[in-house]
Number of protein chains: 2
Amino acid sequence: MSNLPARLSELIGKPVHDIDTPALVIDMDALKRNLVRMADFAKKHHVRWRPHAKLHKSTVLAKMQIKAGAAGVCVQKTAEAEVMVAGGIYNVYISNQVIAPAKLARVAALTQAVASHRGGQIAIAVDSPEGVSRLAKAMTEARTSARSSVATVIDVFVEIDVGQGRCGAQPGEAAVKLALEIRKHPALRFAGLQAYQGKAQHLRSAIERRMAAASATKAVELTCQLLKAHGIAPGLVTGAGTGSFALEAASGVYGELQAGSFMFMDVDYAQNERDPAQPQFEHALFVKTQVISTHASHAVCDAGHKSHAIDSGMPKVHAFEKKSGLDYFNGGDEHGILRPVDGSDRLPALGQLLWLIPGHCDPTVNLHDVMIGVSGGLRNGTVDRIIQVDARGAMT
Amino acid sequence: MSNLPARLSELIGKPVHDIDTPALVIDMDALKRNLVRMADFAKKHHVRWRPHAKLHKSTVLAKMQIKAGAAGVCVQKTAEAEVMVAGGIYNVYISNQVIAPAKLARVAALTQAVASHRGGQIAIAVDSPEGVSRLAKAMTEARTSARSSVATVIDVFVEIDVGQGRCGAQPGEAAVKLALEIRKHPALRFAGLQAYQGKAQHLRSAIERRMAAASATKAVELTCQLLKAHGIAPGLVTGAGTGSFALEAASGVYGELQAGSFMFMDVDYAQNERDPAQPQFEHALFVKTQVISTHASHAVCDAGHKSHAIDSGMPKVHAFEKKSGLDYFNGGDEHGILRPVDGSDRLPALGQLLWLIPGHCDPTVNLHDVMIGVSGGLRNGTVDRIIQVDARGAMT
């Protein structure tokens, strides 16, 4: 963590021009504006906001989010939670299924680790009876073996499948059954429902997203009614991403938003028709690259898909004020191919610096050890700070 | 590098079962057999073999390759070369264009660093006059500022485009002009031609690959003839990947093979119709994963595209002897969706361990900090060693 290459530390205070390529660069001004927009939105709509740290995997950025008003962070992996807790983030929700007993022992240890911190609380999702009993076993064992006499409790959300078709129990009876199971174990506290509709995030038209969110909300409502019929308070309903959060916020059932990607805004999310209820966010994450080879009808830059993820499509060449004149094509692991858009612009020169907006931020960040924070803009700004991707590769 | 998480070091000697998921695992027995096959092939065909370390990014595996008969390693990035040299690999060829003066200064520093080692030699590719003059400037400056009195020389390969349409000067006159340019500078030594046909590697039918390689060979021959006509010895012709190397070896013009991926064999390369002249390689790289959620018609595992690259397609579920009963579908950054092939097999149970064969090895390795080497097979073997991906994320 602390042993940054010397040439990176030396960058602080230097002009943006000095950043070697390829490099992951954050426009800190844009990021801060995005954060304020989201924090204001959550406040105005009286919803909790616990952004997903799977995006940035950085304790520094998690702390910035919490300072801006976030209640804590979500993560997908036990190892990510461990990095967050070690870095001083004590409200961490593992919004995913954890099944391996060795991992559940680590989750239980985390509940002990945060217990002495104000507001410290670990939460996790479950979607199967077996998941509940394994979690309960791990928590009981941790209580028995803990040096401290603290009998910690873990918040448990029942994950329901509200249309994504991945993890999650069926809404309704199956979810209620899990809540009842959870309530049998003194170390588990039924905390509410995990109801994230991942597919809704990337539907391009606002009306399609609205329909998907309405269907998710209906499934949540049904489950909440059934829970109440069984005498169980439904607790907190948590979910929502950058593509849909204004809909969940207006649903009347969701109490917590997990949206995180708005902070960076990738090409994929920018392609969504904007819901007028949502704030407008700016691109704040870029891959700086350089032209290393020029030809009659194309140029080649030094950023390939080992420096940005292409699972959601190719990056866009950032064009500042004017319309971009270049399209990016896949050139393999270490190269990008640049061609003029409709022959409308000249090719860049050898050595020219370019900025790519990643197709998908989360897995792009996961390729880098550091993000270089810049203040004063990409062209004339200076390097502000080097931000470690602390949880890079934390996948267990 | 040396501060492995304790739970990783403790794995050595333990059964494969104990490896937490997801994890990148090498079947060391299969890897060693693949290495012997390639070394034997190169020996039999009297060609040098300098495998691409962009695949494994590991000094430990580079040393295993050199022990098996490799002449050194190729890399794509200056930062990868630095890691290799720091790890004791002194014959390193940066088979790519380097344009930034700051990077070229680092390349020049590497030529000084390896100078005192037996067989130590840095090589690089160029495809433009500007590239040659920048490299010469960096080498001259390093000579002037070097503490040692060693006037080092860098081997320079002229990269020609033999059909990939990425980097590379045009074969023929343009290439000869670059060779003449190189010969003007005392710190540069014209070493030959870089002639890698990347597209040929992934053509599925053997006849298509044969045609692509024949066309590349023709371009190389033309350039060699022109070089000779200008009184320049053509030097070494280097190129070839796992999809085509038997063709380059038989071409009569290629003197060095850069193939590396055969060592791991991914799904993409395994889909090629095998050239009978090429040895048969085994899959040796796997992502171990676990089922974390089960449903009526699908199951979910804990390995998504943050643990394996999907640029060349989805991973395959390894089925040992029998035909695989499961297809892997993209489930996002942290999940994989598993469905029975044609309804032909039952779904796996919650907690079941599975092995994925990555779609593309190079960028998969780049997602991991370590590879876990296993001896005695994936099912009943034991953990042999933890191999650091030293150059993971080394992209500048």
Side-chain angles (χ1 to χ4, degrees), chain A residues 5 7 18 20-23 54 76-77 79 96-103 106 127-128 130-131 134 159 161 165-168 170 198 290-295 298 300 302-307 309-311 330-335 337 350-351 360 362-363 366-369 392-393 395-396, chain B residues 5 7 18 20-23 54 76-77 79 96-103 106 127-128 130-131 134 159 161 165-168 170 198 290-295 298 300 302-307 309-311 330-335 337 350-351 360 362-363 366-369 392-393 395-396:
Chain A
R7 57 176 175 266
D18 291 8
D20 197 8
T21 61
K54 77 192 271 305
Q76 290 289 68
K77 297 287 188 171
N96 197 3
Q97 304 305 312
V98 179
I99 286 301
K103 278 199 195 80
R106 287 159 52 199
D127 76 352
S128 68
E130 177 73 14
R134 288 190 184 196
E159 180 168 6
D161 181 4
R166 195 168 67 186
C167 298
Q170 286 305 302
Q290 180 170 35
V291 173
I292 58 167
S293 186
T294 57
H295 303 272
H298 76 279
V300 184
D302 63 2
H305 58 75
K306 276 183 184 167
S307 55
I310 59 170
D311 59 280
N330 189 356
D333 295 3
E334 294 94 0
H335 300 88
I337 310 283
L350 195 71
H360 187 187
D362 303 39
N366 189 47
L367 293 166
H368 293 261
D369 293 320
R392 200 223 70 72
M395 63 182 84
T396 61
Chain B
R7 57 176 175 265
D18 291 8
D20 197 8
T21 60
K54 79 191 272 304
Q76 289 288 68
K77 297 287 189 171
N96 196 5
Q97 305 304 314
V98 179
I99 286 301
K103 276 199 197 80
R106 287 159 52 199
D127 75 353
S128 68
E130 178 73 15
R134 288 188 184 197
E159 179 169 5
D161 181 5
R166 196 168 67 184
C167 298
Q170 286 305 301
Q290 180 170 35
V291 174
I292 58 167
S293 185
T294 56
H295 303 271
H298 75 280
V300 184
D302 64 2
H305 57 74
K306 276 183 184 166
S307 56
I310 58 170
D311 59 280
N330 188 356
D333 295 3
E334 294 93 0
H335 301 88
I337 310 282
L350 195 70
H360 187 186
D362 303 39
N366 188 48
L367 293 167
H368 293 260
D369 293 320
R392 200 222 69 73
M395 62 182 86
T396 62

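In what follows, every chain begins at residue 1, and chains take the letters A, B, ... in the order their sequences are listed. Below, all heavy atoms of this structure are taken into account, side chains as well, without hydrogens, waters or symmetry copies.
Using a 4.5 Å heavy-atom cutoff, the side chains of A:His335 and A:Ile292 are in contact. Taking the side chain as every heavy atom from C-beta outward, A:Ser307 and A:Leu367 never approach each other to under 4.5 Å.
For B:His295, the part lying under 4.5 angstrom from a heavy atom of chain A is the side chain only. With a threshold of 4.5 angstrom between heavy atoms, B:Lys103 approaches chain A through side-chain atoms but not through N, CA, C or O. Residue B:Ile337 touches chain A through its side chain alone, counting heavy-atom pairs closer than 4.5 Å. Heavy atoms of B:Val98 lying under 4.5 Å from chain A are absent altogether. B:Asn96 touches chain A through its side chain: at least one heavy atom from C-beta onward sits under 4.5 Å away, while N, CA, C and O do not. The part of B:Gln76 that comes within reach of chain A is its side chain, from C-beta onward, which places non-hydrogen atoms under 4.5 angstrom from that chain. If you measure heavy-atom distances from B:Ser128 to chain A, the contacts under 4.5 Å come from the side chain alone. There is no contact between A:Ala102 and chain B, counting heavy-atom distances below 4.5 Å. Residue B:Asp127 touches chain A through its side chain alone, counting heavy-atom pairs closer than 4.5 Å. The contact between B:Ile310 and chain A is made entirely by side chain atoms (from C-beta outward), counting heavy-atom distances below 4.5 Å.
Looking at A:Asp333 and A:His305, their side chains do bring a donor and an acceptor atom within 3.5 Å of each other.
Heavy-atom pairs under 4.5 Å with chain B were tallied for A:Gln170, A:Arg166, A:His298, A:His360; the largest tally goes to A:Arg166. When each of A:Pro22, A:Gly351, A:Gly393 is scored by its heavy-atom pairs under 4.5 Å with chain B, the top score falls to A:Pro22. With chain B as partner, the option from A:Gln97, A:Arg392, A:Gln290, A:Lys77 having the largest number of non-hydrogen pairs under 4.5 angstrom is A:Arg392. With chain B as the partner, the residue from A:Gly168, A:Gly131, A:Ala23 showing the most heavy-atom pairs under 4.5 Å is A:Gly168.
Scanning both residues, B:Val300 and A:Cys167, for their nearest heavy atoms gives CG1-SG, 3.8 Å. The heavy-atom pair separating B:Leu350 from B:Ser293 by the smallest distance is CD1-N, 3.5 Å. Nearest heavy atoms, B:His368 versus A:Met395: CE1-SD, 3.4 Å. Here the shortest heavy-atom pairing between B:Lys54 and B:Asp362 reads NZ-OD2, 2.9 Å. Minimum interatomic distance between B:Asp161 and B:Gly165 (heavy atoms only, all atoms of both residues): OD1-N, 3.0 Å.
Salt-bridge check for B:Asp20 with A:Arg106: passed, with a basic side-chain N closer than 4.0 Å to an acidic carboxylate O.
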